[in-house]
Number of protein chains: 2
Amino acid sequence: MNIERVKSQMRKGVLEYCILSIISKDEVYASDILQTLKDAKLIVVEGTLYPLLTRLKNDGLLNYRWEESTSGPPRKYYGLTEMGQKFLQEMDATWEELVASVNQTTSKTKK
Amino acid sequence: MNIERVKSQMRKGVLEYCILSIISKDEVYASDILQTLKDAKLIVVEGTLYPLLTRLKNDGLLNYRWEESTSGPPRKYYGLTEMGQKFLQEMDATWEELVASVNQTTSKTKK
DNA sequence: CCCAGTACTTTGCAATACAAGGTATCATAA
DNA sequence: TTATGATACCTTGTATTGCAAAGTACTGGG
């Protein structure tokens with residue numbers, strides 16, 4: 001048992017939420033998302049992100065378009081579908097609830 | 001894909017943290033923990049909690065003592081070990097970091 | 001004696017983050 | 001033309017772990 005495992009574990013639960021949120025702000029491709037997550041200290045590797053994007057797309061929350069690049073192979077630029085936007089709103093609420101629950105549970109006051 | 005799955009997923013990451021925190025406040029047995037979590041709207045079932053307690057105990061974060069009950073079988077009352085207390089402090093910091101990361105990532109400001 | 005209530009445990013399954021390796025495209029330079 | 005490096009996307013195998021469901025065991029009342 002180490003603290004890194006815990007961090008990774010906590011990260012898991014909010015990954016989809018963060019990724020949908022990032023995509024909601026701007027059309028982005030995978031490397032953009034990785035960079036944004038990294039900036040926020042939410043380390044994620046390619047092997048995690050790609051399957052997740054595919055899953056979200058298959059669930060109808062995302063769509064994408066190919067775009068040529070001047071410096072390499074073409075990129076998939078992702079955007080939120082209407083369903084994805086609705087889902088993101090629900091996730092906002094879910095996250096707020098979770099924060100409230102954790103704060104209540106871990107408050108330093110002895111019950 | 002439904003929102004319930006997302007809630008469950010988010011819950012996972014903080015379960016151990018919440019449970020350690022609950023135990024840090026008072027010696028409790030499994031049903032106490034379940035009730036506290038339920039009060040905080042963090043629904044957890046027995047099949048989740050018991051293996052988790054066993055794992056935390058095997059990792060040296062918890063210990064327990066048996067106590068007779070007047071209304072059923074004896075109960076395991078859990079308490080934090082010294083290592084468990086240290087670990088809880090680290091988890092406090094980890095949780096704070098995660099909240100900061102998520103807030104940064106999901107802030108409504110277009111980057 | 002059985003039954004209901006309480007408490008702890010175990011088994012099998014499904015979801016999924018990650019490590020590691022693979023395939024494909026493009027620009028540059030020998 | 002061929003080799004190299006950078007970029008981008010994809011796949012496979014593994015380990016973890018929450019959960020549903022079923023099981024075991026102790027207690028007291030009818």
Side-chain angles (χ1 to χ4, degrees), chain A residues 1-20 27-38 42-59 61-78 98 101, chain B residues 1-20 27-38 42-59 61-78 98 101:
Chain A
M1 169 77 104
N2 70 9
I3 197 73
E4 283 309 318
R5 202 192 54 72
V6 173
K7 288 189 187 183
S8 165
Q9 191 65 17
M10 286 190 181
R11 215 157 41 217
K12 281 190 189 185
V14 296
L15 249 190
E16 290 176 0
Y17 173 41
C18 289
I19 289 171
L20 279 188
E27 276 209 318
V28 287
Y29 74 109
S31 296
D32 290 333
I33 298 174
L34 285 172
Q35 189 57 50
T36 305
L37 291 173
K38 196 177 166 191
L42 289 166
I43 305 303
V44 171
V45 295
E46 286 190 321
T48 299
L49 183 60
Y50 282 107
L52 207 157
L53 288 173
T54 302
R55 197 163 68 242
L56 293 174
K57 195 215 114 206
N58 289 339
D59 288 336
L61 305 181
L62 298 181
N63 50 27
Y64 64 80
R65 60 183 170 75
W66 285 102
E67 183 164 311
E68 298 296 319
S69 163
T70 58
S71 62
R75 303 166 174 174
K76 278 186 176 177
Y77 275 85
Y78 285 91
L98 181 75
S101 293
Chain B
M1 169 78 105
N2 70 8
I3 198 71
E4 283 310 318
R5 201 191 54 73
V6 173
K7 287 188 186 183
S8 165
Q9 191 66 13
M10 285 189 181
R11 215 158 40 216
K12 282 190 189 184
V14 296
L15 249 189
E16 291 175 0
Y17 173 41
C18 289
I19 289 170
L20 280 188
E27 275 209 320
V28 287
Y29 75 110
S31 296
D32 290 333
I33 298 174
L34 285 173
Q35 189 57 50
T36 305
L37 290 174
K38 196 178 166 190
L42 289 167
I43 304 305
V44 172
V45 296
E46 286 189 322
T48 298
L49 183 60
Y50 282 106
L52 206 158
L53 288 173
T54 302
R55 196 164 68 241
L56 293 173
K57 196 214 115 210
N58 289 339
D59 288 336
L61 305 181
L62 298 181
N63 51 28
Y64 64 81
R65 61 182 171 74
W66 285 102
E67 185 163 309
E68 298 297 319
S69 164
T70 58
S71 62
R75 302 166 175 175
K76 278 186 176 176
Y77 276 82
Y78 286 92
L98 182 75
S101 293

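A note on names: the letters A, B, ... follow the listed sequences, proteins ahead of strands, and every chain is numbered from 1. The structure presented is a predicted model; accordingly, all values stated were derived computationally and were not measured.
Here the P atom of nucleotide C:dC18 and the CD atom of A:Q9 are 10 Å apart, to the nearest Å. As rounded to whole Å, 18 Å separates atom P of D:dT16 from atom CG of B:L15. Put simply, CG on B:L49 is 12 Å from C1' on C:dT9, counting in whole angstrom units. Straight-line distance from the NZ atom of B:K7 to the C1' atom of D:dG18: 17 Å, rounded to whole Å. We find that CD1 of B:I33 is positioned 9 Å from P of C:dC8, with the value rounded to whole Å.
Checking C:dA19, D:dG18, D:dC19 against every side-chain atom of B:R11, the shortest atom distance belongs to D:dC19.
Between the side chain of B:T54 and the backbone N or O of B:Y50 there is at least one donor-acceptor pair closer than 3.5 Å.
A:E46 pairs by the salt bridge (charged side-chain N to carboxylate O under 4.0 Å, His left out) definition with nothing, not counting sequence neighbours. Not counting sequence neighbours, the partners of A:E68 by the side-chain contact (heavy atoms from CB on, under 4.5 Å) test are A:P74. Legend: residues meeting side-chain contact (heavy atoms from CB on, under 4.5 Å) with B:P73, ordered by chain and number and at least two apart, are absent. For A:Y29, the side chain to side chain donor-acceptor pair (under 3.5 Å) partners two or more places apart in sequence, or in a different chain, are A:R75. With sequence neighbours excluded, the residues that form a side-chain contact (heavy atoms from CB on, under 4.5 Å) with B:L37 are A:T105, B:L15, B:C18, B:I19, B:I22, B:I33, B:L42, B:V44.
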Q) Between A:D59 and A:R55, does a side-chain contact (heavy atoms from CB on, under 4.5 Å) hold up when you go through it step by step? A) CA-CA 6 Å; A:D59 288 336; A:R55 197 163 68 242; 4.1 Å; yes
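At a threshold of 4.5 Å between non-hydrogen side-chain atoms, the residues B:K57 and B:N63 do not count as touching.
Remark: DNA chain C forms stems of 3 or more consecutive Watson-Crick or G-U wobble pairs, all pair distances under 3.5 Å, at C:1-30 with D:1-30.
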Anything under 3.5 Å between a protein N or O and an N or O of nucleotides 7-14 of chain D, put it in a table, one pair a line.
| from | atom 1 | to | atom 2 | distance (Å) |
| --- | --- | --- | --- | --- |
| D:dA8 | OP1 | A:Y29 | OH | 2.5 |
| D:dA8 | OP1 | A:R75 | NE | 2.8 |
| D:dA8 | OP1 | A:R75 | NH2 | 2.7 |
| D:dA8 | OP2 | A:Y29 | OH | 3.4 |
| D:dA8 | OP2 | A:S31 | OG | 3.3 |
| D:dC9 | OP1 | A:K76 | N | 2.6 |
| D:dC9 | OP2 | A:Y50 | OH | 2.8 |
| D:dC9 | N4 | A:E46 | OE1 | 3.2 |
| D:dC10 | OP1 | A:K76 | NZ | 2.5 |
| D:dC10 | OP2 | A:K76 | NZ | 3.4 |

